[in-house]
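Just below is one structure, and these are the notes that go with it.
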Amino acid sequence: GTKFENCHSDVDITINNGVTLTINGNGNTISRSTNNTMFKVSAGGKLIINNATIDGSNRPKATGPAIHLNDNANRTSHLTLNNTTIQNCTRTDTGTDKHGGAIKLGTDSTNNLRVEVNISNSKITNCSASQGAAIMMHTNLAGNITISNTEISNNSANYSYAGVIRTQGGANCKLTI
């Protein structure tokens with residue numbers, strides 16, 4: 001199989017324009033030493049991560065979540081996590097939009113974002129942010145979020161706005177747990 005070691009980038013890994021990125025982690029860990037978002041999904045992109053750990057321990061001053069779905073183009077962006085752990089993802093930035101430590105859906109200014117999120121047999125742990133430490137769902141968001149057989153634990157919000165899941169005005173998603 002293909003093996004990547006000691007790869008460094010100062011930019012997000014962006015999946016868009018209908019592209020699908022599938023990562024079969026085989027139990028390996030994905031980490032970054034830069035403070036940006038790890039994966040950004042927009043414009044109908046699809047991110048599928050199987051059997052991996054996303055670890056934010058090496059991002060001491062993180063300015064973005066581990067995974068961010070964002071788009072203003074009336075397209076559906078997809079995220080699927082199977083048997084995957086997101087851990088130690090902490091937002092420490094002091095800007096106006098410092099929400100979502102592990103997974104962030106939209107932004108304060110997003111319009112018409114549709115998402116399909118499926119998280120199964122996974123774990124989101126030890127993440128923090130000002131709001132929505134595990135999952136942040138922003139304004140004008142629509143779609144489906146399904147979480148099954150997944151542990152969400154030891155996550156904290158700095159301003160007492162949901163250490164687990166936070167929805168912000170206008171979020172219109174069907175959440176199935």
Side-chain angles (χ1 to χ4, degrees), residues 1-4 12-32 37-57 59 62 64-71 75-91 99-107 110 113-129 131-138 141-157 161-168 171-177:
T2 303
K3 186 174 185 178
F4 296 93
D12 309 333
I13 297 170
T14 302
I15 303 102
N16 60 22
N17 294 323
V19 170
T20 298
L21 173 63
T22 301
I23 298 171
N24 293 313
N26 297 317
N28 289 300
T29 297
I30 300 166
S31 65
R32 287 187 63 186
T37 299
M38 292 176 152
F39 297 97
K40 188 179 286 184
V41 183
S42 64
K46 295 180 183 180
L47 174 61
I48 301 167
I49 303 176
N50 300 308
N51 194 26
T53 296
I54 299 172
D55 189 335
S57 296
R59 302 168 59 225
I67 301 170
H68 187 188
L69 276 66
N70 188 27
D71 192 8
R75 298 182 207 155
T76 302
S77 294
H78 300 261
L79 171 64
T80 301
L81 302 176
N82 297 305
N83 195 33
T84 294
T85 297
I86 301 177
Q87 64 187 22
N88 306 319
C89 293
T90 298
R91 293 286 303 268
H99 317 310
I103 299 170
K104 180 177 175 181
L105 307 174
T107 66
T110 299
L113 173 63
R114 292 199 46 81
V115 297
E116 291 294 328
V117 177
N118 292 290
I119 303 171
S120 63
N121 302 310
S122 295
K123 185 176 183 178
I124 302 173
T125 188
N126 297 324
C127 297
S128 67
Q131 302 176 29
I135 300 173
M136 178 68 191
M137 297 170 19
H138 270 284
L141 181 69
N144 297 298
I145 300 168
T146 303
I147 302 171
S148 62
N149 296 323
T150 294
E151 176 185 331
I152 300 175
S153 62
N154 299 318
N155 299 290
S156 62
Y161 290 114
V164 179
I165 299 171
R166 173 149 199 268
T167 60
Q168 188 173 6
N172 185 21
C173 286
K174 179 181 178 185
L175 176 62
T176 306
I177 300 178

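Looking only at side-chain heavy atoms (C-beta outward), Ile145 and Ile177 stay at 4.5 Å or farther from each other. Side chains of Asp55 and Ile30 form no contact here, defined as non-hydrogen atoms less than 4.5 Å apart. Within the 4.5 Å cutoff, the side chain of Met38 has heavy atoms near those of the Ile54 side chain. Counting only heavy atoms from C-beta outward, the side chains of Thr84 and Asn51 never approach each other to under 4.5 Å. Here the side chains of Thr176 and Ile147 are not in contact, with every heavy-atom distance at 4.5 Å or above. A heavy-atom distance below 4.5 Å is not found between the side chains of Thr150 and Asn121.
Smallest separation of non-hydrogen atoms from Ser156 and Ala133: O-CB, 3.2 Å. In terms of heavy-atom proximity, Cys127 sits nearest to Ile86 at SG-O, 4.1 Å. The shortest non-hydrogen separation linking Asn70 to Ser42 is O-CB, 2.6 Å. Nearest approach of Thr14 to Asn16, heavy atoms of both residues: CG2-ND2, 3.7 Å. Nearest heavy atom pair, residue Ser122 against residue Asn83, reads OG-N, 3.3 Å. When all heavy atoms are compared, the tightest approach of Asn17 to Arg75 is OD1-NH1, 3.7 Å.
Partners of Ser148 by side chain to side chain contact (heavy atoms under 4.5 Å, CB included), not counting sequence neighbours, listed by chain and number: Ser120. In terms of the side chain to side chain donor-acceptor pair (under 3.5 Å) criterion, Thr29 has no residue partners (sequence neighbours excluded). Residues satisfying the side chain to side chain contact (heavy atoms under 4.5 Å, CB included) test with Asn154, not counting sequence neighbours, are Thr125, Asn126. Residues forming a side chain to side chain donor-acceptor pair (under 3.5 Å) with Asn144 (at least two apart in sequence, or on another chain): Glu116. Legend: residues meeting side chain to side chain contact (heavy atoms under 4.5 Å, CB included) with Asn24, ordered by chain and number and at least two apart, are Thr22, Asn50. Take Glu151 and apply the side chain to side chain contact (heavy atoms under 4.5 Å, CB included) test, not counting sequence neighbours, and it matches Lys123, Ser153.
Here Asn82 contributes atom CG and Ile23 contributes atom CD1; the two are 12.5 Å apart, rounded to the nearest 0.5 Å. Taking CD from Gln87 and OG from Ser31, the interatomic distance works out to 10.0 Å, rounded to the nearest 0.5 Å. Annotation: the span from Leu81 atom CG to Ile119 atom CD1 amounts to 5.0 Å, rounded to 0.5 Å. One finds the CG atom of Asn118 at 5.0 Å from the OG1 atom of Thr146 (value rounded to the nearest 0.5 Å). Rounded to the nearest 0.5 angstrom, Phe39 CZ and Ile103 CD1 are separated by 12.0 Å. In this structure, NZ on Lys40 lies 10.5 Å from CD1 on Ile15, to the nearest 0.5 angstrom.
Checking side-chain atoms of Thr76 against main-chain N and O of Gly44 turns up no donor-acceptor pair under 3.5 Å. For Thr85 (side chain) and Thr53 (main-chain N/O), no donor-acceptor pair under 3.5 Å exists by modelled atom type. For His68 (side chain) and Gly106 (main-chain N/O), a donor-acceptor pair under 3.5 Å exists by modelled atom type.
Screening Thr80, Leu21, Leu69 for a side-chain contact (heavy atoms from CB on, under 4.5 Å) involving Leu47 leaves a single residue, Leu21.
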